[in-house]
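Take a look at the structure below.
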Amino acid sequence: MSRSAISYEPSLDGLRAVAVLAVLVYHLDPRWLPGGFTGVDVFFVISGYLITRILLEQFDQGSFRLGSFYYRRVARIVPALAFVGFATLLAARFVYDSKHRGAAGLAFVTSITSLMNVKLCLQGNYFETSRLSQPFLHCWSLSLEEQFYVLYPLVLRQAWRRSARAVGVVLAAACGASLVAGIAAPPRLPTPAFYLLPFRAWELLAGGLLGAWVWRGMPWARPGWARGLRWTGTAGLAGSITVIDESTGFPGWVALVPVVATVALIAATALDRDAGTWHWLGRGPMVLVGKLSYSLYLTHWPVCSLVDYAGFASDESSRLPVKLVLIVIATLVLHAVVEAPARSRLLDARTTRSEATMLVLSLLIAIAVGLTLRTRHAPPGASLAAVASGGLVLNRSGTRGTVALVGDSLANQYVGTLERVCTRLGCRLVVLSVSGRQPIPNRSDPSPELWERSLAALREQRPGAIVFSCFWGLRGRMEREPVTSAIATMGTLAPALVVTTDTPFAPGTATREAICAGSRPPYHEEPAARQRRARVDGWVLAERSATVEVIDVGSMVVGPDGALRVVDDAGRYIYDDRGHFNEHGAALFEGEFEAALRRALGRSGE
């Protein structure tokens, strides 16, 4: 190979600036720049181009060491990412609900271990994922890049050892195969096609092919091509960020537009470094933003997520200035205090083993912190195995008897509230509720496993009171007899029974995301949901007796005019999803539960 020495290219920093600013604008408001998310594709091409040139130079000089390569990747990525992660989790402690704090802890772990794209692939479509509670959503692209970097040097080195021609053939073949997969997959596998490496590797490999060509001295190229490449690339990039949007089936073949445009622009500057269109990209503000691009990319999305989550009920016009100010401050601080110093210290040839060890320890600490948060804020409720062994016992030190919680996810939403109540009353709380399981018999399932295990546990525990809650209409398939029969059976297993009616189903206009986007009250249940709930609640309320108390949930969150309450007196959103309360919503019924359990335990003599 004829070597083309690597030198600093300011225009690439300018191109990074275009990419990160496009992503930023898109995340601030997709309407302003519908295709701003294609800035990620620009980053992919630049990364593939630069890493290929670096690797080929190291191969040529005989200086490549695989362990050193991986260490340098970690040293470049982890310090700033870990710092942002810790800061985000600290802010989430004061902003997010408990469930979302736990989810953020797990997301941080998958981000710092380069598995965020896999996690998000399992969650759903990028354009449909709830973004308000996903402060690490943007880290999917970093994860995909790092997965690429694990494999790429191994493949490229094997091709290098064969011949110069083998490098081009291998890169072209891999790029073509990934491109075919990336175009074929979206109609049937849209989410994997967006997030996973096999379907997106061709974008980095396109940059790699260009890098190999430039390394070889760009044979057969003519300086006169630069002008055509500049205009082609500029038009393609402008079209990508302004015309492409969520409805285009991205990535698919549409991703060719930003990728080819980026390749053309990089090729143009390689042919003619004084190219006119690149003059403004290679100087002043654009280069500065490009140098800050990693810090800006890391900080902008957590700021947007946290501000929108906390201020969901305020107008975007009031949230936008706050986000911009915080993003600028966070970017400058991160770059000056963490990113630049860490890279300088950790990538210095004189780096000591102790400094490298500290880097590894920081990575392990970050993982431990994220997993701890996930465990501490895990979704409430028991498992079938736990129910079989007597249930999940909370407040074990209670001496005034036992309260048992029975049901499905509708019961689990009250675990935290009941734990506080039982602590004040001096009772143990035994959780026998399991999300997603059939908690009562019906015609199609006359002996569900959860029901049988719950009955066995209750007969053994002999609680002073039972709290019984589930989606009655869903579980009874809108039949009254299974509901009344289940309540009657449960009433024979304790001196007192407390039953809750169904949770009102929030309409799509009342979600946190919808309110953040501008939806305003009043909010009303959808007619079919309201009619179903009214019918089922009537069955449950009719079961009131001297030993059966019913907490009418709907009467406390639905006003006389039918308007649904979705925030508490402190302005906090009370729903976890459209059919469940979060801890703030469940807390609205704390007084009702405490009064009912005091009466129940009094009747039972405990």
Side-chain angles (χ1 to χ4, degrees), residues 66-120 122-123 133-150 294-303 305-306 309 326-327 329-348 350-379:
L66 187 62
S68 176
F69 174 84
Y70 290 149
Y71 167 77
R72 294 178 70 84
R73 291 307 311 167
V74 173
R76 286 180 177 274
I77 297 298
V78 167
L81 177 57
F83 186 88
V84 169
F86 287 132
T88 299
L89 294 179
L90 178 62
R93 167 66 180 81
F94 302 99
V95 173
Y96 282 173
D97 298 335
S98 177
K99 173 186 173 181
H100 293 144
R101 289 197 293 272
L106 179 60
F108 178 43
V109 172
T110 57
S111 297
I112 208 158
T113 55
S114 299
L115 293 171
M116 187 60 177
N117 60 326
V118 177
K119 176 183 182 296
L120 289 172
L122 298 175
Q123 285 185 216
S133 57
Q134 296 276 358
F136 301 104
L137 177 67
H138 62 317
C139 290
W140 75 267
S141 60
L142 295 177
S143 294
L144 188 145
E145 277 195 38
E146 295 310 301
Q147 292 162 14
F148 177 81
Y149 288 142
V150 169
Y294 182 54
S295 289
L296 177 55
Y297 189 79
L298 285 180
T299 58
H300 84 280
W301 183 246
V303 168
S305 175
L306 290 162
Y309 191 99
L326 291 177
I327 287 170
I329 294 173
T331 297
L332 295 176
V333 169
L334 180 64
H335 182 79
V337 176
V338 181
E339 183 191 356
R343 286 189 178 184
S344 176
R345 187 73 175 266
L346 295 173
L347 298 178
D348 191 287
R350 296 167 294 179
T351 298
T352 64
R353 181 172 296 181
S354 62
E355 290 170 325
T357 301
M358 287 299 297
L359 175 62
V360 175
L361 285 176
S362 68
L363 179 60
L364 295 177
I365 291 171
I367 294 172
V369 169
L371 292 177
T372 300
L373 282 174
R374 174 59 176 174
T375 301
R376 181 175 297 176
H377 299 286

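In this chain, residues are counted from 1 in sequence order.
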For this session: For side chain to side chain contact (heavy atoms under 4.5 Å, CB included), just list the numbers for Ile365 and Ser362, CA-CA rounded to whole Å, side-chain angles, deciding distance to a tenth of an Å, and then say yes or no.
Result: CA-CA 5 Å; Ile365 291 171; Ser362 68; 5.6 Å; no
Straight-line distance of [X] [atom1] to [Y] [atom2], nearest 0.5 Å:
X      : Y      : atom1 : atom2 : value
Leu137 : Gln123 : CG    : CD    : 8.5 Å
Ile327 : Leu332 : CD1   : CG    : 11.5 Å
Arg374 : Leu371 : CZ    : CG    : 10.0 Å
Cys139 : Met116 : SG    : CE    : 6.5 Å
Asn117 : Glu145 : CG    : CD    : 11.0 Å

Taking side chain as C-beta onward, heavy atoms only, is [X] less than 4.5 Å from [Y]?
X      : Y      : answer
Pro302 : His138 : yes
Thr110 : Phe136 : no
Gln147 : Val118 : yes
Ser143 : Leu115 : no
Arg76  : Tyr294 : no
Phe108 : Thr88  : no

For this session: Check the pair Val303, His300 against side chain to side chain contact (heavy atoms under 4.5 Å, CB included), reporting the backbone distance first and the verdict last.
Result: CA-CA 5 Å; Val303 168; His300 84 280; 6.0 Å; no
Taking all non-hydrogen atoms of both residues, which atom of [X] and which atom of [Y] are closest, and how far apart?
X      : Y      : answer
Ala75  : Leu346 : CB-CB, 3.9 Å
Leu373 : Gly105 : CB-CA, 4.1 Å
Ala80  : Glu339 : CB-CB, 4.3 Å
Val95  : Tyr309 : O-CE2, 3.3 Å
Leu81  : Ile112 : CD2-CA, 3.9 Å

Problem set entry | Flag, side chain of Tyr149 to backbone of Tyr70, donor-acceptor distance under 3.5 Å |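 Checked: no pair found.
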Exercise. Between Ser344 (side chain) and Ala340 (backbone), is there a donor-acceptor pair under 3.5 Å?
Worked result: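 Not confirmed, Ser344 side chain does not pair with Ala340 backbone.
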Exercise. Residues two or more places apart in sequence or in another chain: which of them pass side chain to side chain contact (heavy atoms under 4.5 Å, CB included) with Ser305?
Worked result: Tyr96, Pro135, Trp301
Exercise. With no hydrogens and no angle check, do the side chains of Ser141 and Tyr297 hold a donor and an acceptor under 3.5 Å apart?
Worked result: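 Side-chain D/A pair, Ser141 to Tyr297: present.
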Problem set entry | Residues forming a salt bridge (charged side-chain N to carboxylate O under 4.0 Å, His left out) with Arg73, sequence neighbours excluded | Glu146
Exercise. Can you name the residues that form a ring pair (Phe, Tyr, Trp, His ring centres under 6.0 Å) with His335, not counting sequence neighbours?
Worked result: none
Exercise. Between Leu298 and Phe83, is a side chain to side chain contact (heavy atoms under 4.5 Å, CB included) present by the stated rule, with each step listed?
Worked result: CA-CA 10 Å; Leu298 285 180; Phe83 186 88; over 6 Å; no
Problem set entry | Derivation of the side chain to side chain contact (heavy atoms under 4.5 Å, CB included) call for Ile367 and Thr113 | CA-CA 8 Å; Ile367 294 172; Thr113 55; 3.6 Å; yes
